[in-house]
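Everything below concerns the one structure shown next.
Worth knowing before you read on, the calculation uses all heavy atoms, side chains too, and leaves out hydrogens, waters and symmetry mates. Letters A, B, ... mirror the listed sequences (proteins, then strands); counts begin at 1.
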Number of protein chains: 2
Amino acid sequence: MAMTIRSVRKAKGHGAERRQEILDAALMLFAQRGILAVSTRDIAAAAGISQPALYAYFRTREEIAAVLCEQAFIDLRMRMVAAADHQPPDLASFLRICRVYIDFGLEQPDAYRVAFMLEKGGAEPEETKARITAAGVEAFGCFHDQVARFVAAGLTRPAETTLISQSLWASLHGLASLLIARPGFPWADRETLISHHIMALAAGVLRR
Amino acid sequence: MAMTIRSVRKAKGHGAERRQEILDAALMLFAQRGILAVSTRDIAAAAGISQPALYAYFRTREEIAAVLCEQAFIDLRMRMVAAADHQPPDLASFLRICRVYIDFGLEQPDAYRVAFMLEKGGAEPEETKARITAAGVEAFGCFHDQVARFVAAGLTRPAETTLISQSLWASLHGLASLLIARPGFPWADRETLISHHIMALAAGVLRR
DNA sequence: GTGATAAGTGATCACCGATCAATTGGCAGC
DNA sequence: GCTGCCAATTGATCGGTGATCACTTATCAC
């Protein structure tokens, strides 16, 4: 028993590195070829292990995507926290927060796909699904808190904070997801479109 | 040659019916179990034919989803046309047009998924992809035309029509897709949220 | 009837996600 | 040194998938 502690610890340490290597390889392949086109054998080969070895670290292929999803949510949350200043909120900070969200989607389109645009097979373990939902709710919670500061400062049109934050989130997600999913659509100039979109949202949410 | 005309006609007629039966069966299964969980054998069994017979009507499984996607776009376009009145535009018509879009997504979540939220494998025949894009551009074109009427009537804040319509579309898509993709999220009351969302969009787009 | 044409089928291919018995490699106890 | 154990890893394999093929069946002009 006692002797196994060190070996287990070492194995876990080694295992955790391996686990992250697998995740890195999977995300790279997802980015290169698309999520559906990557097989477990591809991931294993890219990670330098055999295909069955994957299942020592992840129960299913879906769980790999699910963990990447969770990491994406955590990344988004960190960006939100980093972008949050503790000055009194103003138009500039509103625009910045919206920017952070859109930029996250455009800079990490595959993570964004995994996090928000992937059809879930419903076969994931309940515990894994709960962790993803928790990470997502937490990331959105940061966004919600920022919106709440604008509401508290009296900068917004009168409405429930939850309605404002969820509506705003949906609008930001809409632009990010469409730009990612439909790159072939005849979009207006991307930068101009994003700026206009965020300005229009500000006009709809903030007091004039 | 001449003799084959009738047989071809009859075969095509029969074939077209079968083709639509397959599409109906596929859409039903997609709705019941999710798009990824439906196999060609499932579709064939539901349509009352053998699995290889599918490939007489569709080149790949993806093409079945692609044609459903095209039909969804056509349906959306028809709804847009039906909702378009030729009275001078006002706030009520703005709200109605937005409603049509959201309702389309919520009433036909699976068609909406296929049309807007499905990861394309990139393996579809180029001609099929072009038809889908064309149908999508056409559906969006109807929406764009409606927006243009508001711009022409001087009801909107000054901005390029294309920017306004694409931004609006993104915001509507964002809410529809999130409500479809994340039913487990702690949303505000759906009806209240939709109303607030559309009102906020109106406030952001229309002149005060 | 008869031959040609098209539709539909069973059998099959390569590949997928996932599982399992068997093998390997490293470390404790002697 | 050697032995025995345990976790990590593997080749082989299972059922199922999308797609293809040779073969059979049904239809229709003549």
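Rounded to whole Å, the distance from CD on B/E21 to P on C/dA7 is 15 Å. With rounding to whole Å, A/Y57 atom OH is found 19 Å from C/dG17 atom P. The interatomic distance linking B/I49 (CD1) with D/dA26 (P) rounds to 17 Å, in whole Å. Remark: P of C/dG8 and CD1 of B/I43 are 16 Å apart, rounded to the nearest angstrom. Between A/L54 atom CG and D/dT10 atom C1' there is a gap of 12 Å when expressed in whole angstrom units. Atom CG of B/L36 is separated from atom C1' of C/dC16 by 14 Å (rounded to the nearest Å).
For the pair A/H197 and A/S171, the minimum side-chain heavy-atom distance is below 4.5 Å. Residues B/H173 and B/Y101 have side chains in contact (heavy-atom distance under 4.5 Å, counting atoms from C-beta outward). A heavy-atom distance below 4.5 Å is found between the side chains of A/F143 and A/L172.
Ring pair B/W169/B/F140: centre-to-centre distance below 6.0 Å. Taking the centre of each ring, B/F116 and B/F73 come in below the 6.0 Å mark.
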What's touching nucleotides 14-18 of chain D from the protein side, N or O pairs under 3.5 Å?
from, atom 1, to, atom 2, distance (Å)
D/dG18, OP1, B/T40, N, 3.2
D/dG18, OP2, B/T40, N, 2.7
D/dG18, OP2, B/T40, OG1, 2.7
D/dG18, N7, B/R41, NH1, 2.9
D/dG18, O6, B/R41, NH2, 3.3

Could you write out each protein N or O paired with an N or O of nucleotides 22-25 of chain D at a distance under 3.5 Å?
none

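A salt bridge does not link B/R149 with B/D145: none of the charged nitrogens is closer than 4.0 Å to a carboxylate oxygen. Between A/E191 and A/R99 there is a salt bridge, with a side-chain nitrogen of the basic residue lying less than 4.0 Å from a carboxylate oxygen of the acidic one.
Residue B/A53 has its side chain nearest to C/dG8 when only D/dT10, D/dC21, C/dG8 are considered.
Of the N and O atoms on the side chains of A/D24 and A/Q20, at least one donor lies less than 3.5 Å from an acceptor on the other residue.
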